Amino acid sequence: MTSQRLTTGALLRYIRGNTTEKANLQVVGIKPIESKTDDPSGSAKRYRLMLSDGKSTFSSCMLGTQMNKLIETNTLKENSIIRIDRVMVNSIDKQNGRVMLMLYEIEVIESDFERIGDPVALPLTDIINSGPNANRLEAATNNPPAASAAAPTTNVIRQGAKALPTLDDRKKPNGDNRAAAKGANVIDKERIINIDTLNPYMNKWTIKARISNKCPIRTYENARGPGKLFNCDLVDKSGEIRATGFNAECDRLYSMLEIGEVYYITKASLKAANRQYNTTNSDYEMTFNHDTIIEACDVGEGENIPQVQYNFISISEIANRAANSVCDVIGVVKSTSDMQTIVSKASQKEFSKRDILLVDEKASISTTLWGQQAEEFDGSSHPVIAFKGIKIGDFNGRTLSVTNSTLTRQDPTETERTVELRVWFDNEGKLMDLPDLSKAGEAGNRPTVMKTLSQVIADGIGLGDKPDYVSVKAVVTLIKKDSAVYMMCPEGKCGKKIVDENNGTYRCEKCNKTYNSFKWAYMISAEISDTTGAQWVTIFRNEAETLLGVSAEEFGNHKLNQAESIVDEIISKAINHELIFKLRAKAEQYNDERKIRFTCVSITEIDWPAHGRRLLNEINQMEPVQN
DNA sequence: CCCCCCCC
């Protein structure tokens with residue numbers, strides 16, 4: 001057994017918001033938490049740990065549920081030494097500023113160990129006087145800032161206390177009287193919380209939200225018999241959440257909720273959101289229950305509540321999403337098909353449909369409208385359309401299909417994307433030939449796995465008889481500039497290299513003709529590199545233009561004019577840029593040697609906002625806990 | 001507690 005040193009003082013630093021260090025700590029207590037909530041799944045078992053840094057202990061440490069098995073397999077037990085790989089501070093009591101540590105990732109360094117030192121519990125004053133850093137970190141997790149709520153135990157509203165209502169929200173001239181008149185079972189409009197702070201462990205809350213979408217009542221039948229339900233989306237300035245009303249609640253609430261109107265809502269059940277059917281940015285979804293009270297907001301009182309919240313992904317990003325999942329997409333209607341009628345296999349019923357080609361700056365996708373929407377749709381003015389909660393299909397690549405929970409908005413004013421796309425389409429988009437995700441044959445559109453360059457080799461990509469497609473995140477490290485362009489046959493689709501006869505004529509062997517002109521064409525040999533290795537790849541016309549930012553014509557003419565410095569500048573701008581390269585890998589026989597040829601079929605910028613969202617989703621996987 | 005949304 002090796003002796004492990006604990007990271008003295010780490011607990012206090014964590015509590016004060018300095019959560020970046022990877023401290024070694026000792027587990028000095030493990031306690032299962034009994035669920036006080038009406039969690040229906042019963043799967044939300046959690047463990048609370050008391051940790052020691054050798055000098056101090058802290059007992060409000062929640063273990064992420066994905067690590068429960070460490071305890072259940074006896075790997076993590078009393079006196080185990082762990083390394084904290086990812087931790088966050090979470091406010092558990094806004095009144096007195098108590099915080100807890102959320103352990104998102106830990107590693108068990110020593111399973112069996114003896115107690116180190118004689119640590120004592122951190123004093124309460126240290127725990128509640130969390131430093132200003134806590135604010136910054138809390139903001140990232142959408143939780144109320146611990147520090148701003150920390151000091152006095154009064155109800156004073158502080159700037160930046162996200163979970164508490166703003167002064168504007170609290171100005172309710174007639175609210176008190178109405179509440180008093182109606183007795184106890186009434187909505188407390190003085191304590192409105194933001195949708196993004198709702199969680200299953202809260203027992204009293206009221207939100208003030210707009211219904212941004214409501215789908216018609218649907219009936220179903222399962223083992224428990226028939227039932228009915230409706231879904232709606234609730235939005236406020238902090239976020240959005242999906243809500244469902246079943247049976248009695250469907251009868252009671254469906255007709256009173258109107259799209260676009262604002263309501264006070266209190267007492268409903270919350271559970272983890274089902275990501276397959278839910279595009280809201282909330283971690284939870286709401287089920288209306290017997291105790292749910294909903295009251296319409298007075299006229300003019302809901303003006304500061306947004307109409308709708310979108311979480312758009314670009315059309316090209318749809319290639320990376322699972323079939324049958326839902327997403328929010330915005331694009332311009334580039335073309336519209338005629339109406340068609342199809343017969344459903346399942347129900348033998350007839351349905352009208354119409355396909356539109358939806359396009360944004362990078363790609364297009366076939367999008368199906370159904371029923372009345374298909375019949376009435378007129379795309380002749382090439383409108384911008386936003387779809388919230390549209391379903392991704394995988395026929396011939398990727399398609400979109402409107403469902404009855406999809407919110408469709410034509411030329412929506414709530415997003416600046418509408419104007420951006422309008423300007424782009426009218427100026428250039430309408431003439432651009434962009435990859436169509438609904439045409440599987442086009443190599444650049446095919447969904448691929450992302451690998452590192454060393455994995456590409458290790459996994460034998462391209463060794464098979466058929467070409468393999470793979471994506472890598474890499475930088476261009478070298479470009480062979482002298483051979484980047486060649487003189488191509490001017491004849492339509494020939495594409496062959498021509499021979500310069502040096503007398504103003506050019507000979508194409510393939511066409512067996514002599515021409516008075518030629519075209520410049522790209523065929524770039526470039527080395528791309530990531531942290532694991534490097535690879536030479538071939539880059540043709542479209543991808544070369546994306547990479548170098550100039551046409552082959554322009555590049556070739558600079559070369560012809562011996563404008564060396566301009567050529568060098570073009571090349572140097574393309575070097576050391578991190579991009580996503582989609583490659584086709586195919587083994588080819590050169591004499592006795594079998595070599596894999598890598599051809600670049602698309603080059604795209606890294607979608608940093610989407611990349612960031614993915615990281616944030618990972619961070620938010622753990623639910624906040626109230627103890 | 002639903003999660004079907006149709007076809008090539």
Side-chain angles (χ1 to χ4, degrees), chain A residues 37-43 200 213-234 241-254 257 268-280 282 284-292 321-329 336-357 365-377 387-408 436-441:
Chain A
T37 65
D38 55 350
D39 175 47
S41 67
S43 61
N213 193 18
K214 181 177 90 161
C215 17
I217 295 173
R218 194 176 73 238
T219 57
Y220 62 91
E221 190 138 347
N222 60 21
R224 268 173 284 190
K228 58 178 167 178
L229 71 108
F230 77 101
N231 291 303
C232 60
D233 290 337
L234 309 173
I241 190 165
R242 191 174 192 234
T244 308
F246 289 95
N247 304 313
E249 274 53 64
C250 184
D251 291 338
R252 183 165 71 89
L253 301 170
Y254 179 78
L257 296 175
S269 312
L270 289 154
K271 61 173 182 178
N274 183 339
R275 282 284 144 232
Q276 193 183 346
Y277 306 105
N278 189 330
T279 61
T280 68
S282 175
Y284 305 104
E285 53 193 46
M286 185 181 292
T287 306
F288 297 135
N289 60 39
H290 182 74
D291 297 325
T292 302
R321 298 297 175 103
N324 299 318
S325 63
V326 288
C327 64
D328 298 354
V329 177
T336 309
S337 80
D338 292 338
M339 264 269 301
Q340 292 167 261
T341 311
I342 59 105
V343 177
S344 160
K345 277 180 187 160
S347 66
Q348 304 300 318
K349 282 190 194 150
E350 268 197 3
F351 293 92
S352 336
K353 63 160 270 196
R354 191 194 294 271
D355 290 330
I356 58 176
L357 190 68
I365 189 165
S366 171
T367 304
T368 307
L369 314 179
W370 297 96
Q372 196 184 350
Q373 189 182 25
E375 286 157 23
E376 292 171 356
F377 187 78
F387 295 104
K388 183 171 177 58
I390 193 166
K391 187 169 169 177
I392 299 173
D394 60 358
F395 181 73
N396 267 345
R398 283 285 184 275
T399 58
L400 293 174
S401 181
V402 169
T403 78
N404 77 5
S405 45
T406 305
L407 177 67
T408 307
D436 187 343
L437 300 205
S438 312
K439 286 182 182 158

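What you are looking at is a predicted structure, and each value in this text was computed from that prediction instead of being measured. Note on naming: letters A, B, ... go to the chains in the order of the sequence lines (proteins, then strands), and numbering restarts at 1 for each one.
The side chain of A:Tyr277 sits closest to B:dC3 out of B:dC7, B:dC6, B:dC3. Taking every side-chain heavy atom of A:Asn274 into account, B:dC3 is the closest of B:dC3, B:dC8, B:dC5. The side chain of A:Asn247 lies closest to B:dC1 when the candidates are B:dC6, B:dC3, B:dC1. Listed nucleotides B:dC6, B:dC3, B:dC7 differ in distance to A:Thr368; the shortest reach to its side chain belongs to B:dC7. Distances were taken from every side-chain heavy atom of A:Arg224 (C-beta onward) to each of B:dC1, B:dC8, B:dC5; the shortest belongs to B:dC1.
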(message) Pairs counted only when both distances fall under 3.5 Å, Watson-Crick or G-U: show me the 5' to 3' dot-bracket for DNA chain B, [ ] for pseudoknotted crossings and | for other-strand partners.
(response) ........
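Within the structure, every side-chain polar atom (N or O) of A:Arg218 is placed at least 4.0 Å from both OP1 and OP2 of B:dC5. In terms of phosphate contacts, A:Ser405 brings no side-chain nitrogen or oxygen within less than 4.0 Å of OP1 or OP2 of B:dC3. At B:dC5, none of the side-chain N or O atoms of A:Trp370 fall inside 4.0 Å of OP1 or OP2 (strictly under the cut-off).
What separates CG of A:Asp233 from P of B:dC3 is a distance of 17 Å, to the nearest Å. Taking atom CD1 of A:Ile392 as the reference point, atom C1' of B:dC5 lies 16 Å away to the nearest angstrom. Here B:dC6 presents its C1' atom at 17 Å from CD of A:Gln372, a figure rounded to the nearest Å. Atom pair A:Lys228:NZ and B:dC3:P shows a separation of 15 Å (rounding to whole Å applied). Atom pair A:Arg354:CZ and B:dC6:P shows a separation of 17 Å (rounding to whole Å applied). With rounding to whole Å, A:Tyr220 atom OH is found 5 Å from B:dC2 atom P. When the P atom of B:dC6 is taken as reference, atom CD of A:Gln348 falls 16 Å away, rounded to whole Å. When the P atom of B:dC6 is taken as reference, atom CG of A:Asp355 falls 11 Å away, rounded to whole Å.
The closest donor-acceptor contact from the side chain of A:Arg218 to the backbone of A:Asn231 lies at 3.5 Å or more, if one exists at all. Here the side chain of A:Asn213 pairs no donor or acceptor atom with the backbone of A:Cys232 at under 3.5 angstrom.
Counting only heavy atoms from C-beta outward, the side chains of A:Ser401 and A:Trp370 approach each other to under 4.5 Å. A:Phe288 has its side chain within reach of A:Leu257: a pair of non-hydrogen atoms, C-beta onward, lies under 4.5 Å apart. The closest side-chain heavy-atom distance from A:Thr292 to A:Met286 is not below 4.5 Å.
Ring-to-base geometry places A:Phe395 in a stacked arrangement with B:dC8 (centre distance under 5.5 Å, plane angle under 30°).
Taking 3.5 Å as the limit, the base of B:dC7 and the side chain of A:Lys353 contain a donor-acceptor pair of atoms between them. Checked by distance alone, A:Glu285 brings a side-chain donor or acceptor within 3.5 Å of a matching partner on the base of B:dC3. Remark: the A:Arg242 side chain and the B:dC2 base include no donor-acceptor N/O pair separated by less than 3.5 Å.
Residue contacts shown for A:Asn222 are limited to sugar-phosphate atoms, with no base heavy atom under 4.0 Å away. Among the heavy atoms of the strands lying under 4.0 Å from A:Lys391 are primed sugar atoms or P, OP1, OP2 only; no base atom is included. Backbone-only engagement by A:Ser401 is indicated by non-hydrogen atom pairs under 4.0 Å involving sugar-phosphate atoms exclusively.
Once rounded to the nearest 0.5 Å, the distance linking OG1 of A:Thr244 with CG of A:Asn289 reads 12.0 Å. Note that the CG atom of A:Asn274 and the CZ atom of A:Arg242 stand 8.0 Å from one another [nearest 0.5 Å].
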(request) Could you walk me through whether A:Phe387 and A:Thr367 pass side-chain contact (heavy atoms from CB on, under 4.5 Å), step by step? (result) CA-CA 10 Å; A:Phe387 295 104; A:Thr367 304; 3.9 Å; yes
